[in-house]
Student: 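To start, I am sharing the structure in question, which I have written as C-alpha cells.
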2 protein chains.
Amino acid sequence: MSEIKIILVDDHQIVRDGIKALLSDSLNIKVIGEVKSAYELFDLLKTQIPDIVLLDVSLPTMSGIEVSKILSSDFPKIKKLMLSMYTSEDFIFNAIKSGVNGYLPKNITRNELLQAINEVSEGREYFSKTISDTILKSYLKSAKYGNNVSDDKLCKLTKRENEILLYVVEGLHNKDIAEKLYISIRTVETHKTNIMHKLNLNGTVDLVKFAIKNNIIEL
Amino acid sequence: MSEIKIILVDDHQIVRDGIKALLSDSLNIKVIGEVKSAYELFDLLKTQIPDIVLLDVSLPTMSGIEVSKILSSDFPKIKKLMLSMYTSEDFIFNAIKSGVNGYLPKNITRNELLQAINEVSEGREYFSKTISDTILKSYLKSAKYGNNVSDDKLCKLTKRENEILLYVVEGLHNKDIAEKLYISIRTVETHKTNIMHKLNLNGTVDLVKFAIKNNIIEL
DNA sequence: AATAATATACGTGTTTTACGTAGTTTTACA
DNA sequence: TGTAAAACTACGTAAAACACGTATATTATT
C-alpha cells in the first residue's frame, strides 16, 4: 500500500491542525500541504500534486464547491473529499455535481475519516451515513413527486438578481436597494419575485437561510 | 508547573479528536474527558473535576453559554474557555456575562490555544485579537452613542414571544402562526413588533440571522 | 433577422410592518 | 390578600412588501 498524499483546505487553522494531528498517526497517509483558501490551494498545486484534497465547503471568497469544479476539470486525477458542517440536500447535490468523490459531515469519527480517505484513494466513493440517508430521502421524494429537486440553483440567477439578492440578505429594504441601483422599487420587487421562484423559496426567511448556507453572506 | 486537566465539550467528534491530538503534545495539559452535549458534561462532572472546560458555543439543546452560566454558579472553580465559529458582539457579550474566562474563535492557531489554556489556568483571562477588537469596537460605540448595545437580549423575550420567534424563523407566515396558536393575526403582528424592538432588529432578515447566531434554529 | 434572455416597470389585490392604543389575564410581591 | 407590573390579547391606519400577471427596451445567441 503506497502513501496517500493529502492537501487540507479549511479556513480554520484549528481544524486543519486537528485533522493533521489525527492523520499523523496513520502511516500510509501524509498531509503534504494545508491552505486556508482556494487561491492558496491553486498556488500550492503548481508545485505539489496530492492524491486527495480534503475540502471544506465553507471557504472565504470561493466556496468549496467551486473549487471542486475547477479541480475536476483542471486536475481530474486528484480526488476530492468534501467536509462540511452542513448536510442539506442542496449542498450535497451541488457537491456531487461538482465531482466530489466523497462527502462527510464534520461530526464524523476519526475512523470514519480514515476509512473515507482510504476508500476514495482507491477510486471508490465514500458518503457517510447521514449523507447517504439524505440522498436516499431526496431520491425517494423526487421519485414519488417527480420534482427534480435541486437544479444548480445559484447558477440560474442572473448577475442583476445576484446583486439584488446580496443586498436583500444584507438587510436592505426595497427602497434602499432601488435608490442604490437607481431603479424603481417595482423593479426590485420583480427581481426579488423572480429570485424566489428560481430558487424555489417561500419567503424572506428561507432566502436568508439559503444565502447563509450558500456562503453568500456571513453571519 | 502542575498538570492542567481539561474536559472538551463539542458536538463534532472530529473537532474533539483534533483538539485532543493537538493537546497531546503538551506535557502539562491533559484531556481527562470529552463530551458532545451539556448533559454528558454534567454527568461527567459527577466523577471528574477538570481545571478548564473547553466549551463550544453551538451545542445541541443547551447552548455553550447556558452551560457556562450553570458552571459559573455550580462549579465556580472550573475555568471556562469558550470556542466559537462566531465572533459577533452578542455572542461575546453573553459569553462574558455567563462568566467565561476566555473566548477564542475557531480559526486560532495551535499556539494561541495553548497560550489561552495556560493563561486561563493561571487565573488570568484570555481573549484573542479578533475578540478583543470586537469588544473594543463595541465599547467605543457605546461610549460614543450611549446605547448600551447588548443587554441580555434573549432573556428579555417572554415565553410567548420566544414561541412566536421560533415559528417565524422556521418560515411560517403570520396567518399560519395565528391558526396554529388560535390567536388573531394582529396578535402575532404585535408580538413580532415587540420582538423586533426588544432585540433591536431591523427586519425579518436580521431576525433570521439573529436566530441562527443564537442557535434558535439550525441551518 | 428571428429568438431567447435580461433588465426594466406597472396594475391590482393581499400580506406584512410600523406605530399607537387598549382591554384582559397572570404573576409577583409587599 | 390586594395591587402593581408584566404578559397576552387585539384593533386602526398608513406605508411597505409580496404575489401574479403583463409589458417594453436592450442584449446576446443562433
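Below, read A as the first sequence line, B as the second, and so on, with proteins coming before strands; counting in each chain starts at 1.
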Student: Rounded off to whole Å, could you give me the CG-to-C1' distance for the A/Leu201 and D/dC18 pair?
Tutor: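 Computing the A/Leu201:CG to D/dC18:C1' distance gives 14 Å.
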
Student: Measure CG/B/Leu157 against P/D/dC8 and give the value in whole Å, please.
Tutor: 10 Å

Student: Please say which of B/Val100, B/Leu113, B/Leu104 ends up in a side-chain contact (heavy atoms from CB on, under 4.5 Å) with B/Tyr126.
Tutor: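 Among the candidates, only B/Leu104 passes.
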
Student: Report the C-alpha distance between A/Leu54 and A/Ile117 in whole Å, list the side-chain angles of each, state the deciding distance to 0.1 Å, and finish with yes or no for side chain to side chain contact (heavy atoms under 4.5 Å, CB included).
Tutor: CA-CA 9 Å; A/Leu54 236 160; A/Ile117 289 175; 4.2 Å; yes

Student: Less than 4.0 angstrom between a side-chain N/O of A/Lys192 and OP1 or OP2 of D/dC18, yes or no?
Tutor: yes

Student: Give me the distances for all protein-to-nucleotides 25-29 of chain C N/O pairs that come in under 3.5 Å?
Tutor:
none

Student: At their closest point, which heavy atom of B/Gly33 faces which heavy atom of B/Leu44, and how far apart are they?
Tutor: CA-CD2, 4.0 Å

Student: Rounded to the nearest Å, what distance is computed from the NZ atom of residue A/Lys175 to the C1' atom of nucleotide C/dA18?
Tutor: 13 Å

Student: Write down the protein N/O and nucleotide N/O pairs, taken from nucleotides 20-25 of chain D, whose separation is under 3.5 Å; answer none if there are no such pairs.
Tutor:
none

Student: Would you call A/Leu172 and A/Glu179 a side-chain contact if the rule is heavy atoms closer than 4.5 Å?
Tutor: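 No - every pair of side-chain heavy atoms lies 4.5 Å or more apart.
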
Student: Any non-hydrogen side-chain atom of A/Lys175 less than 4.5 Å from a side-chain atom of A/Ile185?
Tutor: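 Yes, their side chains come closer than 4.5 Å.
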
Student: Whole Å only: how far is the CE atom of B/Met196 from the C1' atom of C/dA18?
Tutor: 11 Å

Student: Quick one: A/Tyr182 OH to C/dA7 P, roughly how many Å, whole number?
Tutor: 19 Å

Student: With heavy atoms under 4.0 Å as the rule, sort A/Asn194 into base, sugar-phosphate or nothing.
Tutor: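 Here A/Asn194 touches no strand at all.
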
Student: Can you measure A/Leu181 atom CG to C/dA9 atom P for me and round it to whole angstrom units?
Tutor: 11 Å

Student: Looking at every strand, decide which applies to B/Thr187 at a 4.0 Å heavy-atom threshold: base, sugar-phosphate, or nothing.
Tutor: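 If one applies the 4.0 Å heavy-atom cut-off, B/Thr187 turns out to touch a base.
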
Student: Using whole Å, report how far NZ of B/Lys198 lies from P of D/dC8.
Tutor: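 So the NZ-P distance, B/Lys198 to D/dC8, works out to 8 Å.
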
Student: Have a look at A/His173 and say if it touches a base, only the backbone sugar-phosphate, or nothing, with a 4.0 Å heavy-atom cut-off.
Tutor: sugar-phosphate

Student: Carefully, step by step, assess B/Phe42 and B/Ile70 under the rule side chain to side chain contact (heavy atoms under 4.5 Å, CB included).
Tutor: CA-CA 10 Å; B/Phe42 293 124; B/Ile70 295 173; 3.7 Å; yes

Student: Below 4.0 angstrom from OP1 or OP2 of C/dT17, is there any side-chain N or O of B/Asn174?
Tutor: yes

Student: Give the intermediate values and the outcome of side chain to side chain contact (heavy atoms under 4.5 Å, CB included) for residues B/Leu181 and B/Arg160.
Tutor: CA-CA 10 Å; B/Leu181 301 178; B/Arg160 197 56 152 178; 3.9 Å; yes

Student: Between C/dA7 and A/Thr158, is there an OP1 or OP2 to side-chain N/O distance shorter than 4.0 Å?
Tutor: yes

Student: Mind calculating the distance between CG (B/Asn162) and C1' (D/dC8) to the nearest angstrom?
Tutor: 14 Å

Student: Map A/Thr204 and B/Ile183 onto DNA chain D by nearest heavy atom, then report which one ends up closer to the 5' terminus.
Tutor: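 So the residue in question is B/Ile183.
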
Student: For the pair A/Lys192 and A/Glu189, find out whether any cationic side-chain nitrogen is under 4.0 Å from an anionic carboxylate oxygen.
Tutor: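 Salt bridge: no.
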
Student: I'd like to know whether B/Asp56 forms a side chain to side chain contact (heavy atoms under 4.5 Å, CB included) with B/Val15, so could you lay out the CA-CA distance, the side-chain angles of the two residues, the decisive distance to 0.1 Å, and finally the verdict.
Tutor: CA-CA 10 Å; B/Asp56 185 29; B/Val15 175; over 6 Å; no

Student: Between B/Gly123 and B/Lys79, what is the shortest heavy-atom contact and its length?
Tutor: CA-CE, 3.8 Å

